[in-house]
Amino acid sequence: MPTDQLSTTFAALADPTRRAILARLTRGEATVNELAEPFEVSLQAVSKHLKVLEQAGLISRGRTKQWRPRRLEAGPLADVAGWVAEYRRFWESGFDRLDEHLRQLQEGAE
């Protein structure tokens, strides 16, 4: 069964190490060694995380001579934001109803 892009993106974002790597890439391109630096895991483990992020379309690999920096690709994150925005409308309408209810309770108590 094929997995949709949103599911692939959420699966990649499910791991805190991968989220930390993406956060680092918001500051600019970085090599595998630079990305691995803050983690107490092997370079091979970081490479596996990078592969998951790359397969999800969240990062890409550049090529400058022998330097292969990774860079953030924000497209899949925009899809996540769009999906969440649909639910935000639901939450906000619930908060609006709660606000109205609390205001009515206050008016009744005065």
Side-chain angles (χ1 to χ4, degrees):
M1 179 167 104
T3 303
D4 64 287
Q5 181 60 46
L6 192 58
S7 296
T8 302
T9 303
F10 275 121
L13 294 173
D15 186 275
T17 300
R18 291 193 286 266
R19 291 192 305 271
I21 289 169
L22 290 177
R24 165 52 187 89
L25 290 173
T26 63
R27 299 191 321 256
E29 294 181 346
T31 64
V32 175
N33 287 334
E34 291 169 335
L35 292 170
E37 191 175 308
F39 304 107
E40 293 185 17
V41 296
S42 68
L43 199 55
Q44 183 180 9
V46 171
S47 291
K48 286 182 181 182
H49 284 300
L50 294 173
K51 184 176 180 180
V52 170
L53 292 169
E54 198 169 339
Q55 289 173 339
L58 291 163
I59 66 170
S60 62
R61 186 184 327 189
R63 186 174 186 155
T64 307
K65 298 182 184 175
Q66 292 183 346
W67 191 55
R68 295 178 185 256
R70 292 341 194 255
R71 70 180 58 89
L72 181 65
E73 298 293 339
L77 295 174
D79 295 340
V80 169
W83 184 82
V84 170
E86 293 296 319
Y87 291 92
R88 182 178 182 163
R89 285 189 213 107
F90 171 76
W91 297 324
E92 287 176 349
S93 69
F95 290 138
D96 290 345
R97 288 191 308 273
L98 178 60
D99 190 40
E100 176 63 26
H101 179 69
L102 292 173
R103 191 165 36 80
Q104 289 176 359
L105 288 175
Q106 275 183 327
E107 289 173 0
E110 293 175 354

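Scope of the values below: all heavy atoms of this structure, side chains included, with no hydrogens, waters or symmetry mates. By convention here, the first residue in the shown sequence is residue 1. If you're wondering where the values come from, they're calculated on a predicted model, not measured in any experiment.
- For CD of Gln44, the number of neighbouring non-hydrogen atoms (other residues, nucleotides, ligands) closer than 6.0 Å is 12 at most.
- The side-chain heavy atoms of Val41 and Thr17, taken from C-beta on, include no pair separated by under 4.5 Å.
- Across all their heavy atoms, Arg71 and Leu25 have their closest contact at C-CD1, 4.3 Å.
- Taking both residues in full, the closest heavy atoms of Leu72 and Thr26 are given as CD2-CG2, 3.8 Å, listed atom of the first, atom of the second, then distance.
- Remark: Lys48 NZ to Ser42 OG distance equals 7.5 Å, nearest 0.5 Å.
- No more than 12 heavy atoms of other residues, nucleotides or ligands sit less than 6.0 Å from atom CD of Glu37.
- Annotation: side chain of Thr8 is not in contact with side chain of Gln55 (no heavy-atom distance under 4.5 Å).
- The two atoms that bring Ala12 and Ala56 nearest to each other are CB-CB, 3.8 Å, heavy atoms only.
- Closest non-hydrogen pair, Ala11 versus Arg18, comes out as O-NH2, 3.4 Å.
- The two residues Glu34 and Glu29 have their closest heavy-atom pair at OE1-O, 4.4 Å.
- Under a 4.5 Å side-chain heavy-atom cut-off, the cluster of Ile, Leu, Val, Met, Phe, Trp and Tyr residues that includes Leu102 is completed by Leu98, Leu105.
- In the hydrophobic clustering of ILVMFWY residues, with side-chain heavy atoms under 4.5 Å counting as a link, Val52 and Val80 come out apart.
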For Thr9 and Asp79, what are the C-alpha separation, side-chain angles and deciding distance, and is it a side chain to side chain contact (heavy atoms under 4.5 Å, CB included)?
CA-CA 9 Å; Thr9 303; Asp79 295 340; 6.0 Å; no
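- With Arg68 contributing its side chain and Arg61 its backbone, the two residues share no donor-acceptor pair below 3.5 Å.
- The two atoms that bring Ser60 and Glu73 nearest to each other are OG-OE2, 2.6 Å, heavy atoms only.
- In this structure, CG on Leu58 lies 11.0 Å from CD1 on Ile21, to the nearest 0.5 angstrom.
- Partners of Leu43 under the side chain to side chain contact (heavy atoms under 4.5 Å, CB included) rule, at least two apart in sequence or in another chain, are Val32, Asn33, Ala36.
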